[in-house]
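First comes the structure, then the notes that go with it.
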Amino acid sequence: MSVRYRIHRNLQVVHTTIDHKTDSLTLNAYSDQLKRDPDFDSTFDHIIEFSMGDPESSSTVPAQVLSRLVPPIPLVKVAIVAPGELEFGIARQFQMIYELPEDVLTVCRNRKEAFERFGLESEQPEWGAWRTVVTEA
């Protein structure tokens, strides 16, 4: 179970990767840690990348993550990377239920597509270091 994030301060984007086995305790810890991070600002855009889940799994991670985005902040843009069918379906349902236009929330199948939306490259040197969210077991 892991959540990692990094921040591109110049372009004001947070890139988060979320393992399909992440639990709600870790998601809460991520939210708390991000809010306390001195490099973070709540107006930053987000790229949220889910790992490809087990096709047999009924993971609720995508739904839990997306529920934390409600209500969406109009100034913030979000790109969801959802390679698995379950993750993609949940993200698209979220987009439709809240009637979020593509310029606010984009659902992508791969990282490259999401990064292109922001005019970024995954390995730009301006990205800050990866930060890992650790919870007490």
Side-chain angles (χ1 to χ4, degrees):
M1 295 181 275
S2 72
V3 175
R4 297 182 324 146
Y5 71 94
R6 59 187 179 165
I7 299 172
H8 195 306
R9 286 210 42 89
N10 293 341
L11 295 179
Q12 302 177 340
V13 177
V14 178
H15 175 212
T16 302
T17 62
I18 300 174
D19 184 293
H20 71 281
K21 295 179 183 175
T22 298
D23 59 13
S24 59
L25 180 68
T26 305
L27 291 174
N28 288 336
Y30 160 70
S31 179
D32 293 343
Q33 183 173 323
L34 186 61
K35 289 174 189 170
R36 289 190 315 266
D37 193 308
D39 290 332
F40 175 70
D41 186 296
S42 62
T43 63
F44 285 7
D45 294 329
H46 291 267
I47 297 172
I48 301 171
E49 183 175 355
F50 294 106
S51 66
M52 175 109 54
D54 177 354
E56 303 299 315
S57 169
S58 60
S59 171
T60 61
V61 170
Q64 290 178 49
V65 170
L66 294 171
S67 71
R68 287 170 168 76
L69 297 177
V70 177
I73 302 168
L75 299 177
V76 173
K77 294 178 183 167
V78 177
I80 304 289
V81 180
E85 293 300 321
L86 176 66
E87 295 85 359
F88 188 83
I90 290 172
R92 290 289 290 147
Q93 286 176 356
F94 176 85
Q95 183 181 37
M96 290 187 310
I97 289 168
Y98 290 99
E99 299 177 348
L100 299 172
E102 287 282 325
D103 63 335
V104 172
L105 177 74
T106 301
V107 181
C108 309
R109 288 287 192 177
N110 61 62
R111 178 187 289 185
K112 183 177 188 275
E113 185 180 341
F115 275 78
E116 286 174 354
R117 179 174 191 271
F118 292 104
L120 296 169
E121 293 179 28
S122 177
E123 302 308 320
Q124 285 179 302
E126 296 86 5
W127 281 107
W130 282 105
R131 296 161 172 106
T132 302
V133 176
V134 178
T135 56
E136 298 296 319

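Nearest heavy-atom pair across Val76 and Ser42 is CG2-O, 3.6 Å. Contact between Ile48 and Val78 at its shortest, heavy atoms only, is CD1-CG1, 4.2 Å. Heavy atoms only, all atoms of each residue included: Arg117 and Glu102 are closest at NH2-O, 3.0 Å. Contact detail for Glu87 and Gly84: the closest heavy-atom pair is OE1-CA, 3.1 Å. When all heavy atoms are compared, the tightest approach of Ala79 to Ala114 is CB-CB, 4.0 Å. Nearest approach of Tyr30 to Val14, heavy atoms of both residues: OH-CG1, 4.4 Å.
Judged purely by atom type and a 3.5 angstrom limit, Asp19 has no side-chain atom pairing as donor or acceptor with the backbone of Ser2.
Put simply, the side chain of Val81 does not reach to within 4.5 Å of the side chain of Phe115, judged on heavy atoms. At a threshold of 4.5 Å between non-hydrogen side-chain atoms, the residues His8 and Phe118 do not count as touching. Using a 4.5 Å cut-off on side-chain heavy atoms (C-beta onward), Gln95 and Val107 make contact. Between His15 and His46, every side-chain heavy-atom pair lies at or beyond the 4.5 Å cut-off. Side-chain contact between Val3 and Thr17 is absent, with no heavy atoms from C-beta onward closer than 4.5 Å.
Hydrophobic clustering (side-chain heavy atoms under 4.5 Å, transitive across Ile, Leu, Val, Met, Phe, Trp, Tyr) keeps Trp130 apart from Phe44. Both Ile97 and Leu100 belong to a common hydrophobic cluster when Ile, Leu, Val, Met, Phe, Trp and Tyr are linked at side-chain heavy-atom distances under 4.5 angstrom.
Here CD1 of Ile18 is found 10.5 Å from OG1 of Thr26. Values are rounded to the nearest 0.5 Å.
In this structure Glu116 satisfies the side chain to side chain donor-acceptor pair (under 3.5 Å) test together with Lys112, sequence neighbours excluded. Residues satisfying the side chain to side chain donor-acceptor pair (under 3.5 Å) criterion with Asp37, sequence neighbours excluded, are Tyr5, Arg131.
In this model, no donor atom of one side chain and acceptor atom of the other lie less than 3.5 Å apart for Asn28 and Ser31. Side-chain atoms of Arg4 and Thr132 include no donor-acceptor pair closer than 3.5 Å.
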Audit row: Ile80, Leu105, side-chain contact (heavy atoms from CB on, under 4.5 Å) steps and yes/no: CA-CA 7 Å; Ile80 304 289; Leu105 177 74; 3.6 Å; yes
Criterion side-chain contact (heavy atoms from CB on, under 4.5 Å) on Thr16 and Ile47, from CA distance to verdict: CA-CA 6 Å; Thr16 302; Ile47 297 172; over 6 Å; no
Stepwise salt bridge (charged side-chain N to carboxylate O under 4.0 Å, His left out) test for Arg109 and Glu85: CA-CA 9 Å; Arg109 288 287 192 177; Glu85 293 300 321; 3.5 Å; yes
